[in-house]
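First up is the structure itself, then whatever we jot down about it.
By convention in this document, chain letters (A, B, ...) are assigned in the order of the sequence lines, proteins followed by strands, and residues within each chain are numbered from 1. Owing to the predicted nature of the structure, the values given are computational and were not obtained by experimental measurement.
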4 protein chains.
Amino acid sequence: MVDKPAPDASRRSEKSRRAIYAAALALVGEAGYPKTTVEAIAARAGVGKQTIYRWWSSKADVLLEAFLDLAGQAARAAGHQPDAIPDTGDLAADLKAVLRATVDELLDPRFEAPSRALAAEGLVNEALGREFVSRLLEPQLQLYAARLRSAQDAGHVRRDVDPRIALELFVSPLAQRWLQRTAPISYAYTDTLVEYALHGIAPR
Amino acid sequence: MVDKPAPDASRRSEKSRRAIYAAALALVGEAGYPKTTVEAIAARAGVGKQTIYRWWSSKADVLLEAFLDLAGQAARAAGHQPDAIPDTGDLAADLKAVLRATVDELLDPRFEAPSRALAAEGLVNEALGREFVSRLLEPQLQLYAARLRSAQDAGHVRRDVDPRIALELFVSPLAQRWLQRTAPISYAYTDTLVEYALHGIAPR
Amino acid sequence: MVDKPAPDASRRSEKSRRAIYAAALALVGEAGYPKTTVEAIAARAGVGKQTIYRWWSSKADVLLEAFLDLAGQAARAAGHQPDAIPDTGDLAADLKAVLRATVDELLDPRFEAPSRALAAEGLVNEALGREFVSRLLEPQLQLYAARLRSAQDAGHVRRDVDPRIALELFVSPLAQRWLQRTAPISYAYTDTLVEYALHGIAPR
Amino acid sequence: MVDKPAPDASRRSEKSRRAIYAAALALVGEAGYPKTTVEAIAARAGVGKQTIYRWWSSKADVLLEAFLDLAGQAARAAGHQPDAIPDTGDLAADLKAVLRATVDELLDPRFEAPSRALAAEGLVNEALGREFVSRLLEPQLQLYAARLRSAQDAGHVRRDVDPRIALELFVSPLAQRWLQRTAPISYAYTDTLVEYALHGIAPR
DNA sequence: TGTTAATCGAGACGGTACGTCCAGTCTTTGG
DNA sequence: CCAAAGACTGGACGTACCGTCTCGATTAACA
């Protein structure tokens with residue numbers, strides 16, 4: 001079995017790549033993931049189908065990179081410190097602030113359709129799922145882990161707590177409510193999560 | 001516009017229904033969700049395609065009912081109390097036990113493929129997602145809520161805690177790790193989740 | 001290697017078949033053979049592509065059957081004796097009459113495009129070529145052979161002449177002029193061919 | 001609308017031209033006409049596609065010139081008199097000899113695929129067909145016409161016979177049998193054609 | 001003999017059609 | 001008279017080539 005020669009990336013059309021990203025994101029937002037066909041992306045981007053298949057292996061792959069690109073742009077637009085979690089010394093306040101911002105983002109329709117679509121595809125398509133997690137999700141989670149480690153240094157979190165697990169106490173519930181629509185999300189909800197996570201639900 | 005007359009459920013072939021469930025579950029397990037086409041289910045079940053479309057609206061719908069059927073059978077096979085959470089008076093122990101059982105179930109390959117597939121489809125297909133949540137997920141979650149309420153009565157959980165939120169502290173992290181493969185799951189992990197959730201991560 | 005099960009011809013849609021024939025012939029006439037794509041035939045016939053591929057192996061195959069159907073219809077419309085060559089006892093006159101009719105037919109635009117297209121495809125595609133010859137061309141040629149044999153019985157053609165070869169003296173020149181456009185065709189031309197073929201070009 | 005500037009023929013790469021001819025003829029012979037794509041010719045010739053499109057308008061055009069080149073080479077290789085018909089004074093013998101040589105050539109696999117392919121394309125593509133006829137076919141036919149005119153001068157063919165038509169009596173049948181595979185060709189067959197053409201099929 | 005402009009190999013591009021697969025509907029036939 | 005079988009329209013898939021369009025890198029004629 002011979003692989004066909006890899007295309008020459010230095011000759012790649014930047015214009016086409018941007019157009020494809022834009023078309024993919026727009027279509028997922030407007031028509032939903034299932035109606036976002038490779039053919040429709042190509043047509044909307046004014047691009048031949050082969051140009052998509054030359055550089056990506058599937059529509060999920062296109063969407064993943066389009067979304068990463070979007071996230072990168074958004075981060076660069078937002079400020080120098082892309083997605084750092086503030087460290088004012090007040091852990092509860094810092095986490096609440098970041099989670100409130102996350103709630104805003106999750107409810108932003110520009111982000112909702114593509115990230116939901118990617119998450120869904122990632123569940124079933126293991127390769128894509130690992131990409132999704134390692135390139136999008138885990139970096140975000142590591143920011144929380146870092147903040148928790150800093151809090152440990154300041155004595156605001158117990159030393160024997162594993163930050164990588166601890167962060168899931170407030171991140172995962174929010175993720176599940178949003179992804180699976182098990183219940184609505186709100187500032188009050190995330191504030192509550194932070195309180196419960198910090199102090200537990202058992203009587204003190 | 002007239003709806004087509006609803007099919008007469010009393011004449012429905014029980015044998016075909018069972019065969020379709022079995023075929024759908026087997027195919028999802030063997031070939032994965034995307035290759036599980038309605039045509040393949042019909043062929044494997046020895047059934048006409050129309051027989052599927054007469055009774056279900058999509059392959060996701062078939063799979064949902066097949067899975068509910070499977071879950072029901074498993075529950076009935078397991079014992080009288082289908083999925084109740086034990087109440088020994090020791091909340092931490094009870095939760096750890098149930099979560100350990102859940103870990104076992106999540107790692108059972110018979111359950112993995114279909115439930116992952118359903119969850120994925122539910123992310124993107126809102127109608128199916130709501131069905132999935134209300135018929136499968138929420139009933140499970142309510143068992144936890146009930147156990148937490150019982151713990152509140154026994155003074156093991158603070159009165160001002162919302163059980164529906166509190167349960168997410170340990171359920172959602174497990175769900176996310178499994179669904180999105182963000183990290184491995186184990187008994188130690190779920191035990192830790194229960195500890196953190198009960199007592200918080202802040203110094204006591 | 002397993003062949004896929006042959007489709008059940010008894011369930012075939014007569015309406016679709018007719019629509020496909022009509023579309024194929026119309027497109028070849030209007031747009032030429034290369035622009036007559038399977039996709040275009042399907043679209044014009046209001047038919048799914050698969051319905052074409054289910055019953056034919058290529059557009060050439062479709063066109064061959066469409067043309068045979070057309071020829072059959074034309075023959076049935078013309079009279080009871082489909083394509084017989086008259087036998088008035090005057091061989092020269094009979095041949096000239098039939099060849100003049102052939103000239104008319106070859107110049108009829110309804111016939112020209114499809115038969116030219118089929119002949120061309122048959123040159124390069126041996127399987128189709130043999131079909132074309134055996135189902136369309138050879139039956140016609142056998143009519144000439146029969147007429148020549150009858151002439152032999154009447155003493156108007158030498159006994160030692162092979163009718164299958166002799167008929168080519170007037171048929172092949174006409175065919176070549178028409179197919180390859182080596183020179184124009186006319187009644188005078190075919191009349192001349194008959195004269196030369198009967199009496200030779202050497203001095204008597 | 002301006003035509004693009006004509007390429008400068010003086011800078012043309014002779015090596016590429018030869019490589020393209022060779023690749024085209026080889027591919028038609030090996031893979032058949034439909035699989036002989038411009039891309040394949042370019043790849044095999046070690047040439048950019050644009051180099052083909054710069055000098056030719058289509059693959060049929062390439063093949064036509066490649067074949068003319070081949071024919072020219074063959075003629076030059078064969079002897080000084082490229083394709084003249086001998087004139088020994090015995091018309092029948094001369095024609096039989098030339099036709100026997102033609103039979104040999106038509107059965108030579110080196111010639112068969114490309115000439116059949118060109119003839120086929122010429123049927124459907126009128127422009128190419130006229131090129132094919134005027135540059136390849138008609139010059140050959142004119143040699144026969146000349147020989148027949150010489151025979152008329154010698155009194156071996158009737159004065160009132162049109163040589164351009166007469167030659168078709170033996171040339172066209174051979175051409176048709178070969179091109180359309182209506183029947184096999186052989187020396188006996190072409191000898192017979194000459195006999196019939198000279199003396200007719202009617203009793204003398 | 002060095003300059004320079006066109007041609008060259010290479011291959012990405014926007015497109016069109018291919019032949020396949022499956023969705024969801026419609027039709028026929030046997031139990 | 002329902003269900004199996006499967007043909008139907010429709011449409012997306014991923015591939016193959018088309019003919020056009022850049023790219024450097026020769027390469028051959030002219031300065």
Does [Y] offer a backbone N or O that forms a donor-acceptor pair with the side chain of [X] under 3.5 Å?
X        : Y        : result
D:Arg54  : D:Arg12  : no
A:Lys59  : A:Thr36  : yes
A:Arg181 : B:Leu123 : yes
A:Arg116 : A:Leu179 : yes

| message | On DNA chain E, compare the nucleotides closest to A:Gly48 and C:Val38; which residue's is nearer the 5' end? | response | A:Gly48

Check whether any side-chain nitrogen or oxygen of [X] sits under 4.0 Å from OP1 or OP2 of [N], and answer yes or no.
X       : N      : answer
C:Arg54 : F:dC8  : yes
A:Thr51 : E:dG14 : yes
C:Ser16 : F:dT9  : yes

| Closest-nucleotide ordering on DNA chain F, the 5'-leading residue of D:Ala40 and A:Ala40 |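 Its nearest nucleotide being more 5', the pick is A:Ala40.
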
| Closest nucleotide of DNA chain F for D:Thr36 versus for A:Arg11: which of these residues is on the 5' side? |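 Between the two, 5'-proximity favours D:Thr36.
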
If I take atom [atom1] in residue [X] and atom [atom2] in nucleotide [N], what distance separates them, rounded to the nearest angstrom?
X       : N      : atom1 : atom2 : value
A:Glu14 : E:dC13 : CD    : P     : 11 Å
C:Gln50 : E:dC22 : CD    : P     : 11 Å
B:Ile41 : E:dA23 : CD1   : C1'   : 12 Å
A:Glu39 : F:dG11 : CD    : P     : 11 Å
C:Tyr53 : F:dG10 : OH    : P     : 17 Å
B:Ile52 : F:dC2  : CD1   : C1'   : 16 Å
C:Ile20 : F:dG10 : CD1   : P     : 12 Å
C:Lys35 : F:dC18 : NZ    : P     : 17 Å

| field | Side-chain touch D:Phe67/D:Leu70, heavy atoms, less than 4.5 angstrom | value |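 With C-beta onward as the side chain, the pair touches.
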
| said: Within the structure provided, determine whether C:Trp56 and C:Leu64 are in side-chain contact (heavy-atom separation under 4.5 Å). | reply: no

| task | Would you classify B:Ser58 as touching base, sugar-phosphate or nothing, given that sugar-phosphate means primed atoms plus P, OP1 and OP2, and contacts are heavy atoms under 4.0 Å? | result | nothing

| task | Measure the angle between the two terminal helix axes of the helix from E:dT1-F:dA31 to E:dG31-F:dC1, five base pairs each, and quote it to 10°. | result |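 For the helix from E:dT1-F:dA31 to E:dG31-F:dC1, the axes at opposite ends meet at about 20°.
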
| request: Indicate, yes or no, whether a donor-acceptor pair under 3.5 Å links the base of E:dA12 to the side chain of A:Arg12. | output: no

| Considering only heavy atoms and no angle criterion, is a donor-acceptor pair shorter than 3.5 Å present between the side chain of C:Lys49 and the base of F:dG10? | no

| Separation of D:Leu118 CG from D:Leu136 CG (nearest 0.5 Å) | 7.5 Å

| request: Decide whether a cation-pi geometry holds between D:Arg17 and D:Trp55; the criteria are a distance under 6.0 Å from NZ or CZ to the six-membered ring centre and an angle within 45° of the ring axis. | output: no

| request: Report the nucleotide, chosen from E:dT7, E:dG14, E:dA12, that has the shortest atom-to-atom distance to any side-chain atom of D:Trp55. | output: E:dT7

